[in-house]
Protein chains: 6
Amino acid sequence: MLVGSLLDRIVDNALAEDLEGGDLTTEATIEPDARAIARAVARAELCVAGGDVFARVFYRVDGGLRVERLLADGTDAKKDDVLWIVEGSARSILMAERTALNFAQRMSGIATIARRYVRALPAGSKTRITDTRKTTPGLRALERWAVRVGGAHNHRDTLGSAILIKDNHIQAAGGIEIAIERARARAPHTSKIEIEVASLAELEQALAAGAEIVMLDNFSPAEVPVAVARAKGRALVEVSGGITLERIGELARAGVDVISSGALTHSAPSADIALDLERLGG
Amino acid sequence: MLVGSLLDRIVDNALAEDLEGGDLTTEATIEPDARAIARAVARAELCVAGGDVFARVFYRVDGGLRVERLLADGTDAKKDDVLWIVEGSARSILMAERTALNFAQRMSGIATIARRYVRALPAGSKTRITDTRKTTPGLRALERWAVRVGGAHNHRDTLGSAILIKDNHIQAAGGIEIAIERARARAPHTSKIEIEVASLAELEQALAAGAEIVMLDNFSPAEVPVAVARAKGRALVEVSGGITLERIGELARAGVDVISSGALTHSAPSADIALDLERLGG
Amino acid sequence: MLVGSLLDRIVDNALAEDLEGGDLTTEATIEPDARAIARAVARAELCVAGGDVFARVFYRVDGGLRVERLLADGTDAKKDDVLWIVEGSARSILMAERTALNFAQRMSGIATIARRYVRALPAGSKTRITDTRKTTPGLRALERWAVRVGGAHNHRDTLGSAILIKDNHIQAAGGIEIAIERARARAPHTSKIEIEVASLAELEQALAAGAEIVMLDNFSPAEVPVAVARAKGRALVEVSGGITLERIGELARAGVDVISSGALTHSAPSADIALDLERLGG
Amino acid sequence: MLVGSLLDRIVDNALAEDLEGGDLTTEATIEPDARAIARAVARAELCVAGGDVFARVFYRVDGGLRVERLLADGTDAKKDDVLWIVEGSARSILMAERTALNFAQRMSGIATIARRYVRALPAGSKTRITDTRKTTPGLRALERWAVRVGGAHNHRDTLGSAILIKDNHIQAAGGIEIAIERARARAPHTSKIEIEVASLAELEQALAAGAEIVMLDNFSPAEVPVAVARAKGRALVEVSGGITLERIGELARAGVDVISSGALTHSAPSADIALDLERLGG
Amino acid sequence: MLVGSLLDRIVDNALAEDLEGGDLTTEATIEPDARAIARAVARAELCVAGGDVFARVFYRVDGGLRVERLLADGTDAKKDDVLWIVEGSARSILMAERTALNFAQRMSGIATIARRYVRALPAGSKTRITDTRKTTPGLRALERWAVRVGGAHNHRDTLGSAILIKDNHIQAAGGIEIAIERARARAPHTSKIEIEVASLAELEQALAAGAEIVMLDNFSPAEVPVAVARAKGRALVEVSGGITLERIGELARAGVDVISSGALTHSAPSADIALDLERLGG
Amino acid sequence: MLVGSLLDRIVDNALAEDLEGGDLTTEATIEPDARAIARAVARAELCVAGGDVFARVFYRVDGGLRVERLLADGTDAKKDDVLWIVEGSARSILMAERTALNFAQRMSGIATIARRYVRALPAGSKTRITDTRKTTPGLRALERWAVRVGGAHNHRDTLGSAILIKDNHIQAAGGIEIAIERARARAPHTSKIEIEVASLAELEQALAAGAEIVMLDNFSPAEVPVAVARAKGRALVEVSGGITLERIGELARAGVDVISSGALTHSAPSADIALDLERLGG
């Protein structure tokens, strides 16, 4: 469940962009007392995500609207499935429509891709797919939710959540060993120490220094299983960058623990959801 | 130029998501007085967009950073071109890096697609490519800017900017004629009246009622030129939905005035930009 | 209907100015469990506007208050008519009173003036009265609503909604023709091109260049009908500045399409509405 | 001086209403590198107010603009006097113009009326003119500043600043004496106790109960001097409601200490200030 | 009662710090449909404060939670007393718990100290205990409420509420007399004039100049009663700084009118309140 | 370094509480052009913290003020040491003073306590002292910074940063083993799994299930070393609750890895810092 205060802030921000000058067309063409029912319909197969925020948009436009969710987040929807239903003032529904869909299409798009990635894992695989911090500015909480809904996992939430030492940090610190040592000395004890390594030699240094997660940077397909073997029992192995559906199976079979992909959030195409409106009454 | 107050609000909102708990890794591994220079580099061909917001992220993290823009928004960057340079505290640069790139990659991604669409128009064509209101919630102003930077045009900004009568409005109003009449009676005189039509018959009704823009909904390739011919001198013709690079040429040659595409903003893949950091001094 | 999220932001902002340090007087003199009913009464004839925001102020102070609207926005209220009724905690009502009235008096003041302007039009006139962007900072959406409620029309909502080329733009662009051409090339196709002209000669240039609306700047009473005649069938004619009740009739009879007046919003006197409170119960 | 953080919040809020969708006209017609100088000119006599916020609008749009103030707040400006000068990017100036003027015209309008009221006092009079809490929602701090700039005084700032017992409080408390007693018992010791009285009899009760300020409600011109005589040396006398320029002199001569007027802020007509722009350079 | 809009802003701000990245533990370990009841229990004697904000935290996380208040603000709770009960989704309760307690513990901590101070006054004493402006940034309204709940009084709310002339102001103005004169000339008539004095000589000057409240700075125990005697009937006497439970009795017996203590808010230890959760149903 | 955007939000929020109605006293008694220098002085020994936010308050009130930091955060200041110096408009300095000190006193108070706790560790001890999530609502980032400045460590930042399974979660999940298993299945791989245990038996279960950190709840002094011995090499041991200076040494000697204390942030007394102002010039 997404927190109410968070939803309000994000939704209000989005409505401010589209609706504060009123809805010229709706106000001109629809009578104030017209009522309607609207159905959010999947125009293609998708993994449902965003029911909370979809509903919240309608409520924030008009507290008198009623939203019912037919399919929970995480459901595999088929083409033409009805996901959610809104009922109430026709004007209010039309005013909120675009904003609600913009959220839902993005979130379902991400969940759909996430699910596809997860299903690309070999049966029984213990490898997990995660997102990264490459999320849309302002929408991180929603996008991370969508990733989980799709069955994938989240990586660290913020720069303040966990340690991930990258090449720049290593350089600045003066080496892998000193970087890990400093990180362990200062980081919260709740965070594992993750470090990026660019070669098997660096991997060894990192393991020797006590890294708890190693992120393989640009390892060749042949090197990955070697790295996994060396890290076994000492650290988790993460691979990031250039992840495709094809590579997922290969990496999982190589025994990688974590496959992280920025594309899950920064390049997921929008899911196709439409709102079909029907006038009610007189 | 994007307005300063707008940039601050959007940037601060994004930084709140990532950085308010501090940057555990950077604080642990980099000395407070380390200085660095960082170069934002295109990892692939792209149309540059987002220089304003990229710079603003660094300034909002640390007012002492200095950002220089080598390539203006709208430039065609080649692989390995340096777009922007940041100089100052190494810690501050690393803390701001991801947020700055998240903005720049999204905006350049959109500008790059927009430019590709525009270049798919036949030479000399007067047809324009536009975005829609299917933008990322919270980022509309940035995304519309990126669309313009890429050479495409913006459609109406908000529901309060211009009239666009859709099928739901027509139904609710009781017909095309009455809907147009009401819209003209109430809408600002600065807005043209646009209406969606689903057939040549509806097109005729719309033109007769004085529509100034007609949006063709689901017209077959054969019907489009007919519609254009009928509307000629009476109304602009817009086509929306299912726009691909191939269809752009065909629609332009058919004489369509406006091709609007939600995919420009809702499904543009992120452009590939990296930040290469170099330690300075002692 | 005004959007819920917009109302909350504006109302909360106003309450923050007046009430966050508590209400010393009410807390000292009224028992916490006292209940009351309060009637918002017109102390003079007025056009009702602001029911949404009036109610929202009470709800945002205390979700347990109940507001009933006896007269809808747009009603002509006579002296002593009861517009709205609030019932609930006496303390909460008194704490919200001034803020609620400050909104309602301003909005009804604007609606009342707007209605007076509209009624100054000759019978059967097609001329419309519009507002301008000279609204109170922070209250534009409310004031534009009040203008519509009074029967007048809105001009463009924001600088991003439509084109209006003023003398400064003409100078900067290097002439009327080039300014119009550039505007048409870059502006959304949904916006008409409006331009300010200072003489009949400029009017001709503007019409020749394809202006769709011409705003007459400082035309003498004798020149206005000439301008209208020349623009007939080619562009709408707008007059702005120095609008008085007397001039409205004259301009309308001259055939002007649009009369825009900043005074509608920036100088409308507050409508006289009072809140009469009655203790309930024991 | 108005506080920086307050100005930013109010200015950013206003810019969000007008400018976030960009400025279609300016972007289309003015080159990005055009530079200009703009002079804010009084089109009629006025009391200058709002220099801080006028400047802040331009800075918040574009930190590269430079604003110079020729006439300080509180100066009596004559027609055609230049108040403030802005220099920099022509685009930025035009984008900020309307918002800056909307603030400055409102504030100078209030200061101008306030000054007129103050000058209506007889020479040597100790009576003071004050505002009320009938300010524009969202702009109280600016409007109170304008009142002071004009030479008048502020009444209490918020419901939490000082005690003012009105008829509703008296009724709810069960009488003047008990209301004053409770107020004194709970209110901060820094606040005087003010109470509204509707008759000479109530005045006596209030004075007997220790009221420190009495507000005369609906006293006849003949009763006011009687009330003043009775309160002399025991409490300040305030008159509010229906204040006109003529009544000010009369009330002051009657010895009233404070004349408070809501019209100072809720019905002050906008001052006439224009921005004259001149292109610079090539 | 605390104002709804104020509560929302403060609560949402706090939730943003703790909960926007979701609650990893709760989401992992508790089923979405688990329901629970939770009791906020005093772990030690305390004065209850903060029921409004405690409840609001739960509502803002999940509008479906229900909060019941067993003990009103201001009640003396004994160890193990149940203050408030929450019922609903187990996940939502656990997500809101810490934030709700952080507010309630701070407010009850302040109320508890305030009550202790008030009870340290001799029986029948007319001396009042007040807070100062040394409140926690962002929580002033809540902390002032807690002070009142505990039976103490508030000092002025803001710098704009009342006059308090300190040594720096006296120096800058050029003396006590001129400072008081200027303050009286410019301050709202609703505010008393308070001034800090550092000696009996300064006290005389302040009284002669018409100070209405004198704040004794660093007066010896022997001087305080002298100061009280001199001020009697002319001004209220306030003592601030270094207030301990022991000194309160002594100062009250010396006839001081007001004892103000920053420690009430800036150094009150947190009250010990815990939330005991019980699973409901199947 | 604290992030600029974060500081602005927190500072602006605090200034809104105190200063938006202006500073009556300062405006009345100090000339607008008076200049001053002010020194923030430690009135007692303390650990300096809050220089960033102290400076930011002055800058946000008046961008023309200049702040110099003589003692960096983390310095042990002696009584009468000057920490920071502000120079500029006397009015602006006085307006900002209280808010700046409120922040600095709280942060230095926390840093001072944190340092005292850390120094209570036996020489050479590897035990670390940490804070908890019992921070002041709205100030978590500042308080966590102060904790680090004092030499202690931070625990997890938010509910979304790391896993901490408490008794309620265990109950709801149905046992220690299942709770840990679920947490590991869903939590980010970057987070260690921490669990609260109430007995040696539970400790064994937790270790067996793979807990990476165990938090001992209410273990007797005799049990703690036993628990430490059992966890050795398998999990970190944390003790929380009822931490006093005396217990710190004892727990450290028992080999506990982490001692977490809510009192560090929720009950730290304010440090004593004053601002001494000196008029400059004429």
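Reckoned from all heavy atoms, side chains included, excluding hydrogens, waters and symmetry mates. Every chain is numbered from 1 and lettered A, B, ... according to where its sequence line falls, protein lines coming before strand lines.
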task = For each of C/G22, C/G21, C/A14, tally heavy-atom pairs with chain D at distances under 4.5 Å, and name the one with the top tally.
result = C/G22
request  = Count the heavy-atom pairs under 4.5 Å between each of C/A268, C/G262, C/G174, C/A162 and chain D, then report the option with the highest count.
outcome  = C/A162
ask   = Side chain, backbone, both or neither: which part of C/A187 has an atom under 4.5 Å from a heavy atom of chain D?
value = neither
request  = Give, as side chain, backbone, both or neither, the part of C/N13 having an atom under 4.5 angstrom from any heavy atom of chain D.
outcome  = side chain
note = Most contact-rich option vs chain D, by heavy-atom pairs under 4.5 angstrom, among C/R182, C/R133, C/H266, C/R9, is C/R133
query = Can you tell which of C/G138, C/A141, C/A34 has the highest number of heavy-atom pairs within less than 4.5 Å of chain D?
reply = C/G138
request  = Give, as side chain, backbone, both or neither, the part of C/T132 having an atom under 4.5 angstrom from any heavy atom of chain D.
outcome  = neither
message = Any carboxylate oxygen within less than 4.0 angstrom of a Lys/Arg side-chain nitrogen, looking at C/E87 and C/R35?
response = no
inquiry  = If I measure from the heavy atoms of chain D, does C/R156 come under 4.5 Å with its side chain, its backbone, both, or neither?
reply    = side chain
key: Residue C/A185 versus chain D: region with a heavy atom under 4.5 Å   = neither
task = Among the options C/T158, C/I180, C/L24, pick out the one with the most heavy-atom pairs lying under 4.5 Å from chain D.
result = C/L24
query = C/A36 versus chain D, heavy atoms under 4.5 Å apart: side chain, backbone, both or neither?
reply = neither
